[in-house]
Amino acid sequence: MRKMKVLLLLAVAAVLAAAGSAAAADVALTSVGQSPDAMMVRVVMKRLGIESDYRPLMKAEELGEGKVLVVVVGGSSKGLGAAGIDKDDEVARAGALLEKARADGRKILVMHVGGEGRRGTLSDLFIEAVAGFADSLIVVDGGDGDGIFTRLAEPRKTPILSAPNVKGTDAPIKTVLSEWGVL
């Protein structure tokens with residue numbers, strides 16, 4: 001009888017461990033533009049209990065089996081240099097990744113958490129490349145002051161959720177991922 005209880009407990013533990021690893025695989029997280037913003041979003045997601053497959057340079061073939069791809073967009077010439085890529089390489093990588101995610105039927109969440117301070121020619125290049133793929137957008141206050149996200153969201157009627165700052169993205173992240181069945 002004791003052996004049966006031990007086996008039952010081991011089976012329950014295995015099921016719970018498998019469920020935890022499946023949840024981790026539900027969300028893939030990457031940066032487009034190689035700013036530190038994706039790492040900050042990862043911290044917010046961890047605080048919400050959301051594990052993610054985080055790879056700043058995720059390629060299409062590394063996408064895995066998850067339900068959602070979260071792309072945090074913000075250009076950093078220093079980050080691109082440290083990664084050993086240029087802006088054209090980054091746009092090509094992002095395009096291939098997003099096309100694969102779309103073809104696989106995944107939901108795509110595009111986030112811009114740098115606000116007005118992380119806007120400019122480099123960031124705008126990446127925003128133009130990825131925002132049109134989004135099923136939902138989260139943009140911190142000031143990030144859409146010129147209407148770039150509104151313009152790119154309009155053709156697909158993509159919802160745009162706002163947040164006061166990076167830390168304040170927790171509520172919109174929770175809302176979007178709950179709607180998509182991840183939470």
Side-chain angles (χ1 to χ4, degrees), residues 26-48 50 52-58 60 63 66-76 79 87 90-183:
D26 283 344
V27 177
L29 173 64
T30 195
S31 172
V32 171
Q34 300 309 305
S35 74
D37 297 345
M39 180 58 83
M40 290 186 277
V41 169
R42 181 180 187 210
V43 170
V44 172
M45 292 174 81
K46 278 189 171 200
R47 203 175 57 230
L48 290 169
I50 303 165
S52 63
D53 177 10
Y54 170 64
R55 299 180 202 196
L57 292 167
M58 184 179 288
L63 195 49
K67 295 178 183 178
V68 175
L69 173 61
V70 178
V71 174
V72 183
V73 62
S76 167
K87 62 185 180 184
E90 184 71 338
V91 168
R93 178 191 69 85
L97 178 64
L98 288 159
E99 287 174 14
K100 168 105 169 83
R102 169 93 32 92
D104 289 351
R106 297 172 210 267
K107 292 288 192 177
I108 300 169
L109 172 60
V110 172
M111 298 179 66
H112 176 70
V113 298
E116 187 176 7
R118 275 234 200 260
R119 290 289 308 282
T121 305
L122 187 59
S123 285
D124 289 357
L125 171 74
F126 298 127
I127 291 166
E128 292 278 352
V130 303
F133 284 92
D135 294 299
S136 191
L137 290 153
I138 297 174
V139 180
V140 298
D141 293 346
D144 194 30
D146 62 354
I148 189 171
F149 288 99
T150 301
R151 176 178 54 81
L152 295 168
E154 200 281 321
R156 294 184 61 221
K157 308 290 185 231
T158 304
I160 302 174
L161 288 81
S162 64
N165 51 40
V166 177
K167 187 176 178 182
T169 61
D170 56 353
I173 288 171
K174 194 173 182 180
T175 296
V176 171
L177 294 183
S178 292
E179 289 174 3
W180 293 348
V182 174
L183 293 178

Taking all non-hydrogen atoms of both residues, which atom of [X] and which atom of [Y] are closest, and how far apart?
X    : Y    : value
G75  : L122 : C-CD2, 3.9 Å
L29  : A38  : CD2-O, 3.8 Å
V130 : V110 : O-CG2, 3.8 Å
K100 : A60  : CE-O, 3.7 Å
P172 : S162 : CG-O, 3.9 Å
D37  : G74  : OD2-CA, 4.5 Å

Compare all side-chain heavy atoms of [X] with those of [Y] and state whether any distance is below 4.5 angstrom.
X    : Y    : result
V32  : R93  : yes
E116 : D141 : no
W180 : K67  : no
K46  : V43  : no
R119 : D124 : yes
K174 : I50  : no

Roughly how far apart are [X] [atom1] and [Y] [atom2], rounded to 0.5 Å?
X    : Y    : atom1 : atom2 : result
D146 : R151 : CG    : CZ    : 8.5 Å
M40  : S31  : CE    : OG    : 10.0 Å
F126 : K87  : CZ    : NZ    : 8.0 Å
H112 : D144 : NE2   : CG    : 9.0 Å
I173 : R47  : CD1   : CZ    : 8.5 Å
I108 : L98  : CD1   : CG    : 5.0 Å

Applying side-chain contact (heavy atoms from CB on, under 4.5 Å), run through V72 and R42 and close with a yes or a no. CA-CA 10 Å; V72 183; R42 181 180 187 210; over 6 Å; no
Under a 3.5 Å distance rule, please check whether [X] uses its side chain to pair with a backbone N or O of [Y] as donor and acceptor.
X    : Y    : result
Q34  : S76  : no
T158 : A134 : yes
T30  : R55  : yes

Single hit among K107, R156, R106 for side chain to side chain donor-acceptor pair (under 3.5 Å) with D135: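 Single pass found, and it is R156.
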Identify the residue among L137, V166, T169 that makes a side chain to side chain contact (heavy atoms under 4.5 Å, CB included) with M111.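 Of the listed residues L137, V166, T169, the side chain to side chain contact (heavy atoms under 4.5 Å, CB included) partner of M111 is T169.
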